[in-house]
A.B. asks: 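Take this structure first; my questions come after.
For clarity, every value in this text was computed on a predicted model and none was experimentally measured.
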Amino acid sequence: MAIGVWVLGDQLWQGQAALQSCPSPVPVILIESQGWAKQRRYHAQKLVLVWSAMRHFAQELEAAGWPVTYAIAADFATPLRRWVEAQQIHELRIMQPSDRPFRDQIASLDLPCAIKLLPNNHFLWSEAEFQQWATGRKTLVLEYFYRAGRQRFQILMDAKTPVGGKWNYDAENRQPPPTHLKPPPPLHFSPDQITQEVIETVRQGNFDTYGHIEPFYWGVTRTQALQALENFIEYRLPQFGPYQDAMVMGQETLWHSLLSPYLNLGLLQPQEVISAALAAYRERQLPLNSVEGFIRQILGWREYMYGLYHFFGAEYVQHNFFQHWQPLPAFFWQSDRTPMNCLRHVLEQIERTGYAHHIQRLMILANFALIAGLCPQEVETWFHSVFIDAYDWVMQTNVLGMGLFADGGLLASKPYAASANYIQRMSNYCQGCVYDPKQRVGDRACPFNFFYWHFLARHRPVLNCQKRMSAILKNIDKFSPAEVAAIQQQVERWYAANS
């Protein structure tokens, strides 16, 4: 009788809790479930990334002396049961999954052995620690959680005072893009034989995938993930801060790190990423606003999303505060079906790469979904399906809470709704667009404009309760009855044309 470890596809680190619980190598299994991959219309590159990373990690474990079984099957349960019986496993150890549906999957298993779940150690805050921080608070504001993390882990702190005298430098990190930006090119990796085999598996398999499967440039090993981290620290972190909210046609990555897929797979750990940024700050005197802005994404936002996901529980996904029920337009799945330059540009980028940076996600995709009244659950499902770094714990709070305000303010302090004015200020997407970013009504009226004012007017009674919205809502009083009616007609025509 023996102990065995099941390594899940987003736990690809030799320091993960289940492997670390074993004083010496024990039998390990990794499973590619084709049935699980068919639950959503995943981006083809997401399947390639996860399965190639799993196959490479299996080799890494074997090289370290672990007896590894790698199974490719229609489901998880069948190969798992066979392996348990063949290896005479009496205790199966699994690191607690990050995602709730997979926890339910494990709970439903009928195996001839005991299952021992080990606490997930891929995050700086455990679920219990976050719950202790959150319990009893009137509001769960990111800023207070972020400050608690800075103090707890002594990151960018001078005793009890933040380095530089300020907790954040957001005011310096929201600059619109100048005319001639020259960001460093992203680091690309060439697919090796294993990755090429996975590409063919996905290409030839019976998968209803989204997006382009090639060219595939993502790293699939810890070594490559570390190279991506080193490349970001060396070439992108120094200028990360000022233009992290900017959007530029032809510059898809700007100074963003592109590290989230590796963090979410376990190929990188949050502490080592933060430590690398801190070391560069000390040794190279990098700008504090860039270093703090990046660390906020890891220590603040990422930990906050994970903590809230488990704190809110399974019912969170059903929230629909504004009672929005419009179906997802077809162009979300096929970018060339929209004439809106900003949406077409971002959606086409996602089709090719599985990636868009956080402002493209929040202020183009989620913003449009919010003001156009799209069903939150359909939008969240789409986000989860198409992004290469997407998981249940990532997308529920990000999309439903931050992006769509579907939880009514449990997470965000106000709806992140904006007109075309924001897009014109923070991007060059409006250049050459068939729509005029200054028009609210008429043949060339930008949909971001008429949807924005329609959203504010329709939900004014509720939004009046949001202190940060009161000033903008007063602008509606300046509209003539004729313009209000014209905006309503524009919205109705758009729905009719895009249903």
A.B. asks: Decide, yes or no, whether a salt bridge links Glu127 with Arg103 under the criterion of side-chain N to carboxylate O below 4.0 Å.
C.D. replies: yes

A.B. asks: Knowing that exactly one of Trp255, Phe232, Trp301 qualifies, which makes a ring pair (Phe, Tyr, Trp, His ring centres under 6.0 Å) with Phe294?
C.D. replies: Phe232

A.B. asks: Would the Tyr144 and Trp133 ring centres measure less than 6.0 Å apart?
C.D. replies: no

A.B. asks: Taking distance alone, no hydrogens or angles, what donor-acceptor pairs closer than 3.5 Å link side-chain atoms of residues 413-425 to residues at least two apart or in another chain?
C.D. replies:
| from | atom 1 | to | atom 2 | distance (Å) |
| --- | --- | --- | --- | --- |
| Ser413 | OG | Arg468 | NH1 | 2.4 |
| Ser419 | OG | Asn421 | N | 3.3 |

A.B. asks: Determine all donor-acceptor pairs shorter than 3.5 Å in which one atom belongs to a side chain in residues 177-187; sequence neighbours excluded.
C.D. replies:
none

A.B. asks: Within 45 degrees of the axis of the six-membered ring of Trp125 and under 6.0 Å from its centre: does Arg152 put its NZ or CZ there?
C.D. replies: yes

A.B. asks: Is the shortest distance from a Lys or Arg side-chain nitrogen in Glu272 or Arg222 to a carboxylate oxygen in the other one below 4.0 Å?
C.D. replies: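 Yes, Glu272 and Arg222 are salt-bridged.
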
A.B. asks: Measure from the ring center of Phe387 to the ring center of His384 and say whether it is less than 6.0 Å.
C.D. replies: no

A.B. asks: For this output row, return yes or no: ring centroids of Trp218 and Phe189 closer than 6.0 angstrom.
C.D. replies: no

A.B. asks: Do the rings of His256 and His358 sit parallel, tilted or perpendicular, given the 30° and 60° boundaries?
C.D. replies: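 Perpendicular.
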
A.B. asks: How about Tyr42 and Phe207: are their ring centres within less than 6.0 Å of each other?
C.D. replies: no

A.B. asks: Consider side-chain contact (heavy atoms from CB on, under 4.5 Å). Of Val386, Val379, Thr381, which one does Phe383 pass it with?
C.D. replies: Val379

A.B. asks: Can you list every side chain to side chain donor-acceptor pair (under 3.5 Å) pair that touches residues 362-378, not counting sequence neighbours?
C.D. replies: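 Sorted pair list comes back empty.
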
A.B. asks: State yes or no: are the ring centers of Tyr309 and Tyr304 separated by less than 6.0 Å?
C.D. replies: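 Between Tyr304 and Tyr309, which both carry aromatic rings, the centre distance is not below 6.0 Å.
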
A.B. asks: Who are the side-chain contact (heavy atoms from CB on, under 4.5 Å) partners of Pro329, not counting sequence neighbours?
C.D. replies: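 Per chain and number, Pro329 pairs via side-chain contact (heavy atoms from CB on, under 4.5 Å) with Phe331, Phe332, Leu374, Trp494.
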
A.B. asks: Could you name each residue pair satisfying side chain to side chain donor-acceptor pair (under 3.5 Å) that touches residues 228-237, not counting sequence neighbours?
C.D. replies: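 Checked against side chain to side chain donor-acceptor pair (under 3.5 Å) - neighbours excluded - the pairs reaching residues 228-237 are Arg236-Thr253.
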
A.B. asks: Could you tell me which residues satisfy side-chain hydrogen bond (donor to acceptor under 3.5 Å, both in side chains) with His122, sequence neighbours excluded, listed by chain and number?
C.D. replies: none

A.B. asks: Would you say the side chain of Ile295 lies within less than 4.5 Å of the side chain of Leu278, judging by non-hydrogen atoms?
C.D. replies: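 Contact flag for Leu278/Ile295 side chains = yes.
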
A.B. asks: Is Glu172 salt-bridged to Lys166, cutoff N-O under 4.0 Å?
C.D. replies: yes

